[in-house]
Amino acid sequence: MAIQRKPLVAGNWKLNGSDSLVEEMSSALQKAEISSSDVVICVPAPYLAKFQSSGFDIGAQDVSEHDAGAYTGEVSAEMLAECGAKWVIVGHSERRTYHAESDSQVAQKAAMAIKAGLTPIVCFGEEEEIRDNGTYTDHCIAQLAAVIDVLGIENFAQCVLAYEPVWAIGTGKTASPEQAQDMHKSVRDFIATHSADVAEGMRILYGGSVKADNASELFSQPDVDGGLIGGASLKAEDFIQICRSA
Ligand code: 13P
């Protein structure tokens, strides 16, 4: 019998936020009676402790690949856990692009997160030229294969994945539900070459210009298990509507 995967909506505030947004968002989510087990908000690290009282799961947006030591500016997975984080995004395309993070660094970050008891949300996705030249499936599978190589399939099973086509992030150009489903299915089939059970249970979120008016159609695809939401996670009303769509 097929496993029922629980949908998840994760907000990614990126470099946005303030004390007042933390307050506004936690009270709006509570009032809307959104089930806290289905929502994660990934905030800038200084807001982790403040958001913790909301009762919603909170996550960080990056983590050091190191445990400790002379790495100025880095924050370790253990530290994030001590601040109340339960989740952490790794391998977001903005980290890969602006901070030159490699697949193996992303894999190491995921390993650190798991060791500290955090759930990594492992992002993967292709740039527009890769979409246009048709090699997007191979590109995405290579990004994930690097993570499986480091974690092993048993630890990989503890991750949540997020397909974020780079051309759809912050552009208003959403992948069509068919494009998202097609990629999610290919990724699930690839994971099944390692373990059919892990593939079946793996939650694969879609991210890239998800809005209140397109979320339902994207989330209704059989292999799309929720979303990773950027811009729309900063507006309580929109984010709540997206949570309801899942
Ligand atoms: P947008 O929803 O703003 O396109 O951002 C997507 C994203 O990068 C979430 O991590």
Side-chain angles (χ1 to χ4, degrees), residues 7-17 21 25 29 38-45 47-48 51 56-63 80 85-101 103 106 109-110 113 118-128 130-131 136 139-140 143-144 147 159-177 179-180 183-184 187 203-219 221 224-246:
L8 178 75
V9 176
N12 174 9
W13 283 12
K14 308 191 181 189
L15 182 53
N16 298 291
L21 186 61
M25 192 61 74
L29 287 169
D38 307 332
V39 176
V40 179
I41 321 267
C42 297
V43 294
Y47 296 118
L48 285 171
F51 217 132
F56 286 86
D57 269 13
I58 45 169
Q61 300 170 9
D62 183 35
V63 62
L80 294 174
K86 295 213 169 73
W87 301 74
V88 61
I89 296 172
V90 298
H92 192 282
S93 66
E94 286 149 20
R95 301 288 319 167
R96 294 179 190 260
T97 305
Y98 306 136
H99 302 272
E101 282 185 14
D103 290 343
V106 172
K109 288 177 177 216
L118 305 176
T119 302
I121 300 175
V122 180
C123 298
F124 64 96
E126 80 284 358
E127 289 78 9
E128 189 147 41
I130 296 177
R131 169 63 51 176
Y136 46 90
H139 175 87
C140 290
Q143 287 181 330
L144 294 174
V147 179
C159 300
V160 166
L161 307 183
Y163 172 48
E164 295 215 319
V166 180
W167 47 270
I169 296 177
T171 57
K173 245 203 249 180
T174 322
S176 67
Q179 285 172 321
M183 177 61 80
H184 287 221
V187 163
R203 288 193 283 182
I204 311 177
L205 314 181
Y206 167 79
S209 298
V210 177
K211 304 288 175 215
D213 60 4
N214 62 21
S216 298
E217 211 188 342
L218 285 160
F219 298 169
Q221 301 302 307
V224 177
D225 306 308
L228 180 54
I229 320 299
S233 74
L234 298 167
K235 296 176 209 126
E237 207 180 305
D238 292 5
F239 188 61
I240 286 165
Q241 205 176 320
I242 292 170
C243 293
R244 294 209 165 109
S245 310

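Keep in mind it's a predicted model, so treat the numbers as computed, not measured. For ligands, and for the atoms within them, numbers begin at 1 and follow the listed sequence. What's counted below: heavy atoms across the whole structure, side chains too, no hydrogens, waters or symmetry copies.
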Quick one, D238 with K211, criterion salt bridge (charged side-chain N to carboxylate O under 4.0 Å, His left out). Give me CA distance, side-chain angles, the key distance, then yes/no. CA-CA 7 Å; D238 292 5; K211 304 288 175 215; over 6 Å; no

Hydrogens and angles aside, do E126 and Y163 bring a side-chain donor and acceptor to less than 3.5 Å of each other? yes

Write out the residue and atom name of the closest protein heavy atom to atom 2 (O) of ligand 1, then the distance separating them to 0.1 Å. G230 N, 2.9 Å

For ligand 1, is there an atom lying under 4.0 Å from some heavy atom of A168? yes

F51-W13 aromatic ring centre distance below 6.0 Å: yes

Quick one: nearest non-hydrogen protein atom to atom 5 (O) of ligand 1, plus distance? K14 NZ, 3.3 Å

Quick one: does ligand 1 sit under 4.0 Å from the side chain of N12, the backbone, both or neither, non-hydrogen atoms only? side chain

Please tell me if the side chains of V39 and D57 come closer than 4.5 Å, counting only heavy atoms from C-beta onward. no

With a 3.5 Å cut-off and no angle check, do the side chains of H92 and Q61 form a donor-acceptor pair? no

Quick note on ligand 1: atoms under 4.0 Å from a heavy atom of G208 include exactly 4 (O), 6 (C)

Using a 4.0 Å cutoff against the non-hydrogen atoms of L228, which atoms of ligand 1 qualify? 9 (C), 10 (O)

Numbering the atoms of ligand 1 from 1, which are under 4.0 Å from a heavy atom of G231? 1 (P), 2 (O), 3 (O)

How about W87 and V160: do any of their side-chain heavy atoms sit closer than 4.5 Å? yes

Protein heavy-atom partner closest to atom 9 (C) of ligand 1 - residue, atom, separation in Å: E164 OE2, 2.9 Å

Keeping the roles fixed (side chain from Q143, backbone from G125), state whether a donor-acceptor pair exists under 3.5 Å. yes

Between A232 and ligand 1, which residue portion shows a heavy-atom distance shorter than 4.0 Å: side chain, backbone, both, or neither? neither

Grab the two heavy atoms, one from A60 and one from L48, that are nearest each other, plus how far apart they are. N-CD2, 4.2 Å

Is there at least one pair of N or O atoms, one from T171 and one from ligand 1, spaced under 3.5 Å apart? no

Return yes or no for this condition: an N or O of K211 is under 3.5 Å from an N or O of ligand 1. no

